[in-house]
Amino acid sequence: FQLVESGGGLVQPGGSLRLSCVADEPSVLYYDIGWFRQAPGKEREAVACITDDGSTTNYADSVKGRFTVSRAGSKNTIYLQMNSLKPEDTGVYYCGASSSSVCYDPTLYFRWGQGTQVTVST
């Protein structure tokens with residue numbers, strides 16, 4: 001299956017965005033999904049993860065209480081709701097699929113989308 005992210009854009013500090021990660025096949029429902037971001041000159045870092053059945057989520061400390069990851073049931077779509085955005089949230093956001101229970105290690109993800117740019121600035 002392929003993953004396609006969308007929903008990025010330019011937003012002022014304190015604003016909100018909702019990112020979507022859409023798979024073209026229902027087999028994505030069998031995998032954990034992680035949202036990662038990468039700022040220029042920095043490594044890709046995990047932001048949030050959700051298990052295949054949607055029962056468990058994990059968040060980086062930097063986004064806890066501001067971001068929410070969810071799965072849209074049988075619609076092959078995973079969302080990342082981002083509120084109270086800060087300039088340090090700027091970067092390219094990627095979703096990835098993993099069959100490992102380890103959420104934060106990008107090397108364990110076997111499929112990635114192309115990314116969507118998020119810029120938080122005045």
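For this chain, numbers begin at 1 and follow the sequence in order.
- Tracing side-chain contacts under 4.5 Å through hydrophobic residues (I, L, V, M, F, W, Y), one never reaches Val4 starting from Met82; they form parts of separate clusters.
- Environment of CD in Glu43: sparse, with no more than 12 heavy atoms of neighbouring residues, nucleotides or ligands closer than 6.0 Å.
- Every pair passing side chain to side chain donor-acceptor pair (under 3.5 Å) that includes a residue from residues 78-90 is listed here, sequence neighbours excluded: Ser16-Asn83, Arg37-Asp89, Arg66-Asp89, Gln81-Asn83.
- The hydrophobic cluster containing Leu19 also contains Val11, counting ILVMFWY residues as joined when their side-chain heavy atoms lie under 4.5 angstrom apart, directly or transitively.
- Going from atom CG of Asp53 over to atom CG of Asp32 covers 8.5 Å, rounded to the nearest 0.5 Å.
- Counting heavy atoms from C-beta outward, Ser100 and Asp105 have side chains that stay 4.5 Å or more apart.
- Taking each heavy atom of Cys95 and Ile33 in turn, the nearest pair found is CB-CG2, 4.4 Å.
- Among residue pairs with one or both ends in residues 111-121, those qualifying as side chain to side chain donor-acceptor pair (under 3.5 Å) are Gln117-Thr119; sequence neighbours excluded.
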For side chain to side chain contact (heavy atoms under 4.5 Å, CB included), just list the numbers for Leu80 and Thr68, CA-CA rounded to whole Å, side-chain angles, deciding distance to a tenth of an Å, and then say yes or no.
CA-CA 6 Å; Leu80 183 67; Thr68 303; over 6 Å; no

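- With contacts defined as side-chain heavy-atom distances shorter than 4.5 Å, the pair Phe67/Leu85 qualifies.
- The number of heavy-atom neighbours closer than 6.0 Å to OH of Tyr104, taken from other residues, nucleotides and ligands shown, is above 12.
- Under a 3.5 Å cut-off, the side chain of Asn58 and the backbone N or O of Ala48 do not form any donor-acceptor pair.
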Could you please spell out the steps behind the side chain to side chain contact (heavy atoms under 4.5 Å, CB included) verdict for Trp35 and Cys21?
CA-CA 9 Å; Trp35 281 98; Cys21 172; 3.5 Å; yes

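- Tyr109 places a side-chain N or O within 3.5 Å of a backbone atom of Cys103 that can act as its donor or acceptor partner.
- Here the side chain of Tyr94 pairs no donor or acceptor atom with the backbone of Gln38 at under 3.5 angstrom.
- In this structure, the side chain of Glu5 engages the main chain of Gly115 through a donor-acceptor pair within 3.5 Å.
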Step-by-step side chain to side chain contact (heavy atoms under 4.5 Å, CB included) determination, Val22 to Leu3
CA-CA 6 Å; Val22 179; Leu3 299 173; over 6 Å; no

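- Under the 4.5 Å side-chain criterion, counting only non-hydrogen atoms from C-beta, Tyr31 is not in contact with Asp52.
- Hydrophobic clustering places Val120 together with Tyr59 (ILVMFWY residues linked when any side-chain heavy atoms are closer than 4.5 Å, directly or through intermediates).
- Nearest heavy atom pair, residue Cys49 against residue Val69, reads O-CG1, 3.6 Å.
- Ring planes of Phe110 and Phe1: perpendicular class, angle over 60° (limits at 30 and 60°).
- When side chains are defined from C-beta on, Asn76 does not count as touching Asp24, because their heavy atoms never get closer than 4.5 Å.
- Inter-residue side-chain proximity for Phe36 and Val47 is flagged as unmet; no heavy-atom pair is nearer than 4.5 Å.
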